[in-house]
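Predicted model, so just to flag it, every value in this text is computed and none were measured. Starting from 1, each residue takes its place in the sequence as its number.
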Amino acid sequence: ENANLDLDANYFETIAINVSKDAVFGSIEFSDTEGNDIDVTIDVDANATFTIDGDLNMNGNVGNQTLTIMGAGNVDLGDLDFNNNANTTATLDASALTGNLTVEDSNTGIDVLTSGSGDDTITLATFATVVDAGDGDDFVDMNGLDYGDANAATIDGGDGTDTIAIDDGALLDAATA
């Protein structure tokens, strides 16, 4: 069922989530209410379907954030909201995931996103996100972002037949595309 999970990082820096049966959450909130700016890691071992219908929030005075996803299950992170201040790094590492990954970054929080061998769907919110989509037939939605900007990061589709959605806001030319 759609349960919500609220976790406070005051007493730990790493959470391990093992998914052996299909699981659906309404949202997952991970924060540090004491304001300790600790580095936070969430490790998800998904060997079944893991879905977040709402938001996965890792914010509220946390430091660097790492979300690592592995396993053979399909993972839908919903709207991923990292703490995105200038002093932190937010990393989503799903390179060991063989299932499909779906993620939307609507809050410009992901700095580095690496996905695995599944057929992934990635929606970006900032041109500063470095994307390595890995193997598989992936779909990356640039969301109208200007990856032609001199400060833009890179998108690497990896092996497979990938689709990168570009619209007129991207301002790409033949030299940068």
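- Across all non-hydrogen atoms, the minimal contact from D138 to D135 is OD2-O, 3.5 Å.
- Closest approach of D79 and E104 over heavy atoms only: OD1-O, 3.2 Å.
- Side-chain N or O atoms of D120 include none that pairs as donor or acceptor with a backbone N or O of S115 at under 3.5 Å.
- A donor-acceptor contact shorter than 3.5 Å links the side chain of D137 to the backbone of T161.
- Counting heavy atoms from C-beta outward, D162 and V140 have side chains that stay 4.5 Å or more apart.
- The two residues A133 and G157 make their nearest non-hydrogen contact at CB-O, 3.6 Å.
- Nearest heavy atom pair, residue D22 against residue T49, reads OD1-N, 3.0 Å.
- Following chains of ILVMFWY side-chain contacts shorter than 4.5 Å, one cannot reach L92 starting from M70, and the two form parts of different hydrophobic clusters.
- Contact of the D105 side chain with the L113 side chain is not registered, since no non-hydrogen atoms from C-beta on lie closer than 4.5 Å.
- L101 and F139 fall into different hydrophobic clusters, defined by Ile, Leu, Val, Met, Phe, Trp and Tyr side-chain heavy atoms under 4.5 Å apart, directly or through other members.
- In this structure the side chain of N47 never reaches within 4.5 angstrom of the side chain of N18, judged on heavy atoms.
- A distance-only check finds no donor-acceptor pair linking the side chain of T114 to the backbone of S95 [under 3.5 Å].
- The side chain to side chain contact (heavy atoms under 4.5 Å, CB included) test with V103 singles out one residue from V75, D76, L80, and that residue is L80.
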